[in-house]
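All remarks here apply to the structure that follows.
Since this is a predicted model, take the numbers as computed values, not measurements. Start at 1 with the first residue, then count along the sequence.
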Amino acid sequence: MSTTHHEPQLALSGTTSGPVVDAPGAAAARPLRAWQHAALEQYFDPAAGEREDFLVTATPGAGKTTFALALARRLLDSRRVDRVVVVAPTDHLRTQWAEAAHRAGIELDPTMTNAVGPVRADVRGYVTTYAQVAGHPMLHRARATARKSLVIMDEIHHAGDGLSWGDAVSEAFGDARRRLSLTGTPFRTKVDERIPFVSYVEDDGPDSEGGLRSAADYTYGYKEALADGVVRPVVFAAYTGTSRWRNSAGEVVAASLTDASTKAVESLAWKTALDPRGDWVPHVIAAMDERLNHLREHGMHDAAGLVLASDQEDARAYARIVQRVTGEKPALILSDDPKASQRISEFAEGDQRFVVCVRMISEGVDVPRAACLAWMTSYRTPLFFAQAVGRVVRSRRRGESATVFLPAVRPLLALAAEMESDRDHVIPPPAPASSEDVDEGGLDLLPPPEREAGGPKEYEALEAQAEFAHVLHGGRAVTGALEPVQVSAEEEDYLGLPGLLSPEQTATLLAQRDAEIRKRAASPRPAAEEDEPEAAAPAEGAEEATWHTAALLRKEIHGLVGRIAAGRQLPHATVYAKVRTAVPGPPSASAPVEVLRRRRDHLLSLL
């Protein structure tokens, strides 16, 4: 290990006093599942010695966050580490990690930026993103080595989003005391682009191209999670239909999603089906609405559905379709919305039936009541599919199930079949990092030769009809039946019945109501306008996380400084300096809550 670095003072220096205060209720943290206990035992196995690196591969929805925080709690309690640093893929997940850590009795600050030097004295650590680490790796290196640190890297494959990100993570955390890496699925890496802190084996898969494959220290797959009741069983409801479009020659082309002759034709049929102006999308939304009604009437009273769109324009159009078909205004969550994280939290904790989003709820976001997913997007990468489906499989109690509504096209059916047969999902190396949320290869479905040639110069979607095809379950396509279907006792137990439908019953219901759903999708329902949601207030008596309290206090102090500066005709900087003199301590960005409270009270006394 290298010499310990001092934390950089990027703002005015100051001192704080008082010990780190953990959140109350640590003893009341969520009880661990069997796999989490087993993974902890393996981590602390005396035969393995003091571990520097540990990689856990656990299926989405299994509880990687809970495991990681339980490990952090034990390391903190035993004084093997003094600080916890979490690196997450997105800003929203920073907040989610901090809230989960607060419930586990560990205070982490998700609001720190690269402009702030030291970590606040009244927290155990902080949550950052891979992009922030890449922006200033030496800053994060100083923070992670100033104290004995555990660095938790969530969805570690993001460290491979371009060589610069991997290099930055290595530079920032190479000398940290311990590192825990998490992922929802194994991943491939090119030999010369290894992700730091990950062990590899040679990949002998059929399309490995001589690369490497991640080797986890502990693996917990979908099959094991399903058997343990940790995740819900998933039924994939596939919808076919005929799409019609006009090509560059002015000819009208018609093709079925299921029977498309070539990949190019299939891609255009898929693209036309997803066009908001056609009938395919409203039909599938109506079918998902029917499924949600059934779930809510049979024990899952807060069941919700996610509609996943390719871009923001489609998302807005799909939201209007949901409102027209169901009579209810859905939540709309867009990545450029400054209130996106707030809206996700409100939806997760509320009773709204539908949410339409682009990518904000695709990876790691926890909405346990979500039980249905409508795949209204052209994304087709194995990683994105596994992560998106993972949003609806998290089990809360025995008897819940999940349904994914998707176009009956070969790329998606193949991904669904892989999940159904519980094959090892191995994701390919990521594309070089860019400013876009997703790589273009996941959006443009035209085969590479046609894409290189420019593809069709003109394309006009005309119409698309939807028709139920089958449900995919247990590696088999189940079509609807006109007569009642008998379900074996073994399958009832497997699916957590009674109260919820088996694959055969789901297929029969969807098939028998297909015509009825088509009529309903075409007929708008009256819908009441809803006001813009306001920020959710913490529950009465709930103990707020210190990072949230600190953020509110900083905002309040800024407002008070503005009022005093205006009233006394002083520069803001002068007022801030006087406050720092009256109430000593670090700058507001890194000051603990108690110091911020005293500064706030001092400013109030000056009014």
State which residues pass salt bridge (charged side-chain N to carboxylate O under 4.0 Å, His left out) with Arg244; sequence neighbours excluded, sorted by chain then number.
Glu463
With no hydrogens and no angle check, just 3.5 Å: does a side-chain donor-acceptor pair link Ser243 and Thr272?
no
I'd like to check the side chain to side chain donor-acceptor pair (under 3.5 Å) partners of Thr57; sequence neighbours left out, ordered by chain and number.
none
Between Thr183 (side chain only) and Pro186 (backbone N and O only), is there a donor and an acceptor less than 3.5 Å apart?
no
Validation row: Tyr222, Val234 side chains within 4.5 angstrom (heavy atoms)
yes
Which residues pass the side chain to side chain contact (heavy atoms under 4.5 Å, CB included) test with Ala225, not counting sequence neighbours?
Thr59, Tyr220, Val230, Val231
What is the minimum heavy-atom distance between Leu55 and Ala215, and which atoms define it?
CD2-O, 3.7 Å
Listed partners of Asp217 passing salt bridge (charged side-chain N to carboxylate O under 4.0 Å, His left out), at least two apart
none
Worked verdict on Leu308 versus Leu373 for side chain to side chain contact (heavy atoms under 4.5 Å, CB included):
CA-CA 7 Å; Leu308 189 60; Leu373 171 68; 4.2 Å; yes
Can you find a heavy atom in the side chain of Trp270 that is under 4.5 Å from one in the side chain of Pro411?
yes
Residues in side chain to side chain contact (heavy atoms under 4.5 Å, CB included) with Arg320, at least two apart?
Arg316, Ala317
Considering only heavy atoms from C-beta outward, does the side chain of Tyr239 approach that of Leu257 to under 4.5 Å?
no
Which of Arg353, Gln323, Gln352 passes side-chain hydrogen bond (donor to acceptor under 3.5 Å, both in side chains) with Glu328? Answer is Arg353
Rounding to 0.5 Å, atoms CG (Leu415) and CZ (Arg410) come to a distance of 13.5 Å
Side-chain heavy atoms of Leu32 within contact of Thr66, under 4.5 Å
yes
Over all atoms of both residues, closest heavy-atom pair of Pro60 and Gly390
CB-CA, 3.6 Å
Using a 4.5 Å cut-off on heavy atoms from C-beta on, say whether the side chain of Val87 contacts that of His158.
no
Identify the two heavy atoms, one from Leu292 and one from Gly305, that lie closest to each other, and give their separation to 0.1 Å.
CD1-N, 3.8 Å
Got a sec, which residues hit ring-ring contact (aromatic ring centres under 6.0 Å, His included) with Trp280, two or more places apart in sequence or on another chain?
none
Main chain of Val322, side chain of Thr326: is a donor-acceptor contact present, judged purely on distance under 3.5 Å?
yes
Arg277 and Ala461 have their tightest heavy-atom pair at NH2-CB, 4.2 Å
Side-chain (Tyr318) to main-chain (Leu274) donor-acceptor, under 3.5 angstrom:
yes
Which residue pairs satisfy the salt bridge (charged side-chain N to carboxylate O under 4.0 Å, His left out) criterion with at least one member in residues 229-241, sequence neighbours excluded?
Arg232-Glu400
Rounded to the nearest 0.5 Å, the CG atom of Asn247 sits from the CG atom of Leu268 at a distance of 9.0 Å
Do the side-chain N and O atoms of Ser310 and Ser378 include a donor-acceptor pair separated by under 3.5 angstrom?
yes
Using 0.5 Å steps for rounding, measure from the NE2 atom of His294 to the OG1 atom of Thr403.
9.0 Å
With sequence neighbours left out, write down each residue that passes ring-ring contact (aromatic ring centres under 6.0 Å, His included) with Phe54, or none if nothing qualifies.
Tyr43
How far does OG of Ser181 sit from CG of Asp154, to the nearest 0.5 angstrom?
10.0 Å
Can you check whether Met153 reaches Val169 side chain to side chain, under 4.5 Å on heavy atoms?
yes
For Pro276 versus Ile321, what's the shortest heavy-atom pair and its separation?
O-CD1, 3.5 Å
Has Trp375 got a side-chain atom pairing as donor or acceptor with Thr377's backbone, closer than 3.5 angstrom?
yes
How would you list, by chain and number, every residue that makes a ring-ring contact (aromatic ring centres under 6.0 Å, His included) with Phe67, sequence neighbours excluded?
Trp35
The test is side chain to side chain contact (heavy atoms under 4.5 Å, CB included); show your working for Met288 and Val307 and say whether it passes.
CA-CA 10 Å; Met288 187 163 79; Val307 179; 3.8 Å; yes
Do Tyr200 and Arg194 come close enough that some side-chain heavy atom pair is under 4.5 Å?
yes
Chi angles and distances behind the side chain to side chain contact (heavy atoms under 4.5 Å, CB included) call for Leu412, Tyr379
CA-CA 9 Å; Leu412 295 183; Tyr379 300 168; over 6 Å; no
Taking every heavy atom of Ala371 against every heavy atom of Ser401, the minimum-distance pair comes out as CB-O, 3.8 Å
Gln42 atom CD: more than 12 heavy-atom contacts under 6.0 Å
yes
Is there a donor-acceptor pair closer than 3.5 Å between any side-chain N or O of Gln36 and the backbone N or O of Arg33?
yes
4.5 Å side-chain heavy-atom contact, Leu295 and Cys372
yes
How far does CZ of Arg394 sit from CZ of Arg391, to the nearest 0.5 angstrom?
7.0 Å
Set of side chain to side chain contact (heavy atoms under 4.5 Å, CB included) partners for Pro110, sequence neighbours left out
Arg94, Ala98, Val127, Trp547
Determine, step by step, whether Arg369 and Glu349 satisfy the side chain to side chain contact (heavy atoms under 4.5 Å, CB included) criterion, reporting the C-alpha distance in whole Å, the side-chain angles of both residues, the deciding distance to 0.1 Å, and the verdict.
CA-CA 9 Å; Arg369 69 189 188 90; Glu349 298 166 6; over 6 Å; no
Within this structure, what is the CG-CG distance for the pair Asn293 and Asp289, rounded to the nearest 0.5 Å?
5.0 Å
Under the side chain to side chain contact (heavy atoms under 4.5 Å, CB included) test, residues paired with Ala68 that sit two or more places apart:
Trp97, Ile152, Leu180, Leu182
Qualifying residues under salt bridge (charged side-chain N to carboxylate O under 4.0 Å, His left out), relative to Asp53, sequence neighbours excluded:
Arg179
